[in-house]
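Beneath this line is the structure, given in structure tokens, with notes to follow.
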Amino acid sequence: MIRTVESEQHVSAPVLAAYSYCEAVTGQQARNFAYGIRLLPTPKRRAMSALYAFSRRVDDIGDGALAPDVKSVRLEETRALLARVRAGSVDEDDTDPVAVALAHTAEAFPVPLGGLDELIDGVLMDVRGATYETWDDLKVYCRCVAGAIGRLSLGVFGTEPGARGAERAPEYADTLGLALQLTNILRDVREDAAGGRTYLPADDLAKFGCSAGFDGPNPPEGSDFAGLVHFEVRRARTLFAEGYRLLPMLDRRSGACVAAMAGIYRRLLDRIEREPEAVLRGRVSLPGREKAYVAVRGLSGLDARHVSRRAVRRRA
């Protein structure tokens, strides 16, 4: 069982200010993520915003316009900051609010900070222009940039006392991260191509005649782009089905948060499946009212109960 903190002692003004900064970053930069963590109690919501703000800093370095060697230096500087957090050497009056908030989170919750090292490793793969021949290759990257975030989040959420199979919760959190990242890759295929990045496995691209890449609003001539998208959608759905086994292990509000975030991405996947070429014309997104419906569904526990019933049927 993974325990976590449900209530908090007095939080000092400098730490509260640091958390406020992280929550502002989260609200501005991650609408889907921010939507989900609204469902959490205050201590967990703050902790998740601290994890996001640090992760956002790492991602921004990787996505920025600096030269690759400068990016590598900045990422290693960020790793050094993480080492300070891990060593407990960040004071409340430190000038870096993200470091202050993350240090408090690491004291309050059993978050595996090594996951943030993995995130840095994954972004370094981007900086070095890594490409992926097979799904097994891509999984390594996805586990660094998304699976690790799932495991970090589980450190904040914790698992319910007596939850069946809780020892596998980190595995399910990791798998759910993979599902979200593969959905992101499908959604952003045109945007990534414009930035010179290709994430989908080369053998999948070749299988569907898409090795020429995606540099315009239309698929490569003679390709089966819809076939490629549907193939990857099926892979993502399998990952979601496995990762959703985490939900019954969480308390109601943590489960609602996960169900809301994952539910938004599953609905994005539905849209992409219905109209594959839409991802070549612009970013596919959900309207606010649909996100609200997903959040209500998550808070009601419908997704968690559905997963529980399916698990019981499998055991029978």
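The shown structure was predicted, so the numbers you read here are calculated from the model rather than taken from an experiment.
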Quiz prompt | Geometric cation-pi criterion K207 and F231, 6.0 Å radius, 45° cone | solution = yes

Quiz prompt | R235, CZ: over 12 other non-hydrogen atoms inside 6.0 angstrom | solution = yes

Nearest 0.5 Å, please: how far is [atom2] in [Y] from [atom1] in [X]?
X	Y	atom1	atom2	value
L186	E273	CG	CD	10.5 Å
L280	E191	CG	CD	12.5 Å
C142	D137	SG	CG	11.0 Å
L75	L124	CG	CG	5.0 Å
L154	R151	CG	CZ	10.0 Å

Practice problem: Check step by step if ring pair (Phe, Tyr, Trp, His ring centres under 6.0 Å) holds for Y244 and Y172. | Solution: CA-CA 7 Å; Y244 261 52; Y172 296 141; over 10 Å; no

Would you call [X] and [Y] a salt bridge, using N to O less than 4.0 angstrom?
X	Y	value
R245	E171	no
R74	D60	no
K139	D136	yes

Contact summary for [X] and [Y], nearest pair of heavy atoms:
X	Y	result
G150	A173	O-CB, 3.5 Å
R143	D174	NE-OD1, 2.6 Å
P14	V100	O-CG1, 4.4 Å
G115	L152	C-CD1, 3.9 Å
G122	V145	CA-CG1, 3.8 Å

Any donor-acceptor pair under 3.5 Å from [X] side chain to [Y] backbone:
X	Y	answer
S223	P219	no
K71	G62	yes
R253	L39	yes
S89	R84	yes

Practice problem: Under the side-chain contact (heavy atoms from CB on, under 4.5 Å) rule, what do T198 and Y132 come out as? Steps first, then yes or no, please. | Solution: CA-CA 8 Å; T198 301; Y132 309 97; over 6 Å; no

Exercise. For side-chain contact (heavy atoms from CB on, under 4.5 Å), just list the numbers for R197 and D126, CA-CA rounded to whole Å, side-chain angles, deciding distance to a tenth of an Å, and then say yes or no.
Key: CA-CA 8 Å; R197 294 176 181 171; D126 281 336; 4.1 Å; yes

Do [X] and [Y] pair up side chain to side chain, a donor and an acceptor below 3.5 Å, judged on atom types alone?
X	Y	value
Y199	D188	no
T175	E242	no
S254	D251	yes

Quiz item: Do V25 and S49 pass the side-chain contact (heavy atoms from CB on, under 4.5 Å) test, and can you show the C-alpha distance, the side-chain angles, and the key distance before you say yes or no?
Solution: CA-CA 8 Å; V25 170; S49 72; over 6 Å; no

Quiz item: Does D224 have any side-chain contact (heavy atoms from CB on, under 4.5 Å) partners at least two apart in sequence or in another chain, and if so, which?
Solution: F208, A226

Practice problem: For residues R190 and R281, determine if any side-chain heavy atom of one lies less than 4.5 Å from a side-chain heavy atom of the other. | Solution: no

Exercise. Compare all side-chain heavy atoms of I61 with those of T78 and state whether any distance is below 4.5 angstrom.
Key: yes

Exercise. With side-chain contact (heavy atoms from CB on, under 4.5 Å) as the test, would you mind laying out the steps for C22 and V98 before giving the verdict?
Key: CA-CA 6 Å; C22 292; V98 175; 4.2 Å; yes

Quiz item: Could you walk me through whether D121 and R79 pass the salt bridge (Lys or Arg N to Asp or Glu O under 4.0 Å) check?
Solution: CA-CA 10 Å; D121 291 339; R79 198 191 300 276; 2.9 Å; yes

Exercise. Quickly, which of L102, V85, L81, V58 forms a side-chain contact (heavy atoms from CB on, under 4.5 Å) with L116? Name it, please.
Key: L102

Quiz prompt | F214 ring center within less than 6.0 Å of F225 ring center | solution = yes

